[in-house]
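Presented below is the structure to which this report refers.
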Amino acid sequence: MSKKVIVLGEAREGALRNVSFEAIAAAKKISGGGEIVAVLLGDSVQSLATEMIHYGADRVVTVEHPHLKIYTSDGYSQAFMAVVEGESPDAVVFGHTALGKDLSPKVASKLKSGLISDVTSIEGEGSDAVFVRPIFSGKAFEKVKIKDGIDFITVRPNNIEPLAHDDSRTGDVSSVSVDIKNLRTIIKEVVRKSTEGVDLSEAKVIVAGGRGVKSEAGFEPLNELARVLGGAVGASRGACDADYCDYSLQIGQTGKVVTPDLYIAAGISGAIQHLAGMSNSKIIVAINKDSEASIFKVADYGIVGDLFEVIPMLTEEFKKM
Ligand code: FAD
């Protein structure tokens with residue numbers, strides 16, 4: 001049986017995040033040939049609608065309101081609920097991002113539906129679709145299905161391949177007007193520490209440093225390698241706790257979960273809590289002075305050596321490519 005599926009598109013600084021297109025690809029499998037409706041919320045999102053269609057959405061519904069410029073649970077849930085109630089979908093897909101993790105349980109619980117979070121792949125299609133998600137910090141995978149009600153799912157970034165971009169696709173774009181009221185929070189401004197660089201949770205290449213980096217200045221060779229590779233810099237909690245870098249870079253059980261194509265771990269011992277955030281990376285390269293470090297157990301390539309010698313050498317070699 002085919003299903004009607006809603007996908008929430010996410011934009012940051014005027015551009016759609018890649019996870020929006022991955023969510024459409026997930027929706028395609030769940031729909032089993034049914035309609036895919038993309039939803040865009042914000043103060044000015046109309047111009048992003050065509051891109052969602054080019055990536056596979058059949059139709060786009062926008063809700064524009066000044067209170068949707070910056071995400072709040074209250075504002076977004078009012079707007080999103082209005083669309084979901086109007087569309088009566090069989091399934092709803094979010095990115096497993098900070099926004100998706102906050103909004104999806106709120107909306108699912110209001111509709112008394114189940115939620116399957118952090119889905120990394122989907123087996124089968126339409127009503128046969130089964131959702132696969134990691135459990136126990138990535139040590140095992142479970143396969144889950146929702147028996148009744150709407151399927152609410154969140155998809156982990158960088159795991160589901162987006163559909164091919166097709167700029168010949170067309171689709172209807174409509175807007176819904178929602179009276180957003182009784183907000184308990186209004187965020188006036190978001191001041192980012194740094195707007196530079198690639199978003200860690202969506203990066204294809206991550207160069208991560210641990211306590212072995214030894215200081216804030218010690219991160220500079222890692223920044224340089226990440227720049228050359230077009231990637232992002234991440235860190236272990238050891239490095240964050242030691243104040244070598246900001247906690248926004250932390251990867252692991254209590255930090256970000258990432259799945260890049262290439263993860264370079266430098267001066268990171270490989271504690272289980274760190275592995276929980278990166279062990280599903282496609283290729284892991286570990287650089288550590290200690291040949292017995294646990295990180296080598298999950299690494300595809302291991303370099304036993306001093307990161308301050310190895311990282312500059314790698315950077316120089318990559319610059320030649
Ligand atoms: P260390 O364990 O000190 O390792 C440093 C490594 O650097 C060593 O292996 C050393 O051989 C190597 N080294 C030193 N100098 C060099 C050099 N010059 N060149 C090459 N290698 C060098 N940790 C996380 O990362 N993320 C989390 O989300 C997280 N959540 C946690 C949640 C809980 C509840 C708890 C209890 C812990 C959590 N931790 C987390 C902490 C985790 O247990 C480890 O303490 C932490 O990951 C260690 O960081 P590290 O590998 O950088 O440091």
Side-chain angles (χ1 to χ4, degrees), residues 96-98 100-102 117-118 120 133-140 154 156-159 193 197 199-203 205-226 228-229 231-260 262-318:
H96 194 68
T97 57
K101 283 189 259 186
D102 190 62
S117 66
D118 204 13
T120 52
R133 62 188 296 273
I135 50 169
F136 303 124
S137 302
K139 286 204 208 70
T154 67
R156 185 185 281 198
N158 274 348
N159 277 265
K193 210 157 185 183
D199 180 357
L200 190 56
S201 49
E202 292 197 339
V205 176
I206 294 175
V207 183
R211 210 175 275 147
V213 169
K214 295 198 174 68
S215 66
E216 190 179 344
F219 262 92
E220 200 31 56
L222 281 70
N223 292 335
E224 174 65 4
L225 178 57
V228 168
L229 294 173
V233 172
S236 70
R237 177 152 146 193
C240 300
D241 283 345
D243 220 9
Y244 302 160
C245 60
D246 193 75
Y247 277 103
S248 61
L249 302 190
Q250 186 185 317
I251 291 165
Q253 188 182 314
T254 44
K256 294 198 166 79
V257 175
V258 296
T259 327
L262 173 62
Y263 189 88
I264 301 177
I268 294 178
S269 58
I272 186 75
Q273 296 89 352
H274 187 75
L275 302 187
M278 48 61 76
S279 61
N280 287 327
S281 303
K282 296 192 181 80
I283 294 177
I284 300 171
V285 177
I287 305 164
N288 200 301
K289 279 206 299 201
D290 175 7
S291 62
E292 301 288 314
S294 317
I295 191 79
F296 288 126
K297 291 190 189 133
V298 296
D300 298 285
Y301 299 94
I303 304 173
V304 179
D306 186 331
L307 70 95
F308 295 105
E309 290 169 17
V310 177
I311 295 264
M313 278 198 286
L314 288 176
T315 306
E316 285 317 305
E317 287 305 314
F318 281 121

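Counting starts at 1 for both ligands and their atoms, following the listed order. Worth saying up front: this structure is predicted, and the values here are computed from it rather than measured. Residue numbers count from 1 along this sequence.
- Counting all heavy atoms, side chain and backbone alike, Thr120 lies closest to Pro134 at CG2-CD, 3.7 Å.
- Protein residues with a heavy atom closer than 4.0 Å to ligand 1 are Gly210, Arg211, Gly212, Lys214, Ser236, Arg237, Gly238, Gln250, Ile251, Gly252, Gln253, Thr254, Gly255, Gly267, Ile268, Ser269, Ala271, Gln273, His274, Asn288, Lys289, Asp290, Gly305, Asp306, Leu307, Phe308, listed by chain and number.
- Checking Thr259 against Asn159 by side-chain atom types alone, a donor-acceptor pair falls below 3.5 Å.
- Taking each heavy atom of Leu307 and Leu222 in turn, the nearest pair found is CD1-CD1, 4.1 Å.
- Of all heavy-atom pairs spanning Pro157 and His96, the tightest one is CD-O, 3.7 Å.
- Listed here is the closest heavy atom pair of Asn288 and Ile268: ND2-O, 3.1 Å.
- Taking a cutoff of 4.0 Å between a charged side-chain nitrogen and a carboxylate oxygen, Asp118 and Arg156 qualify as a salt bridge.
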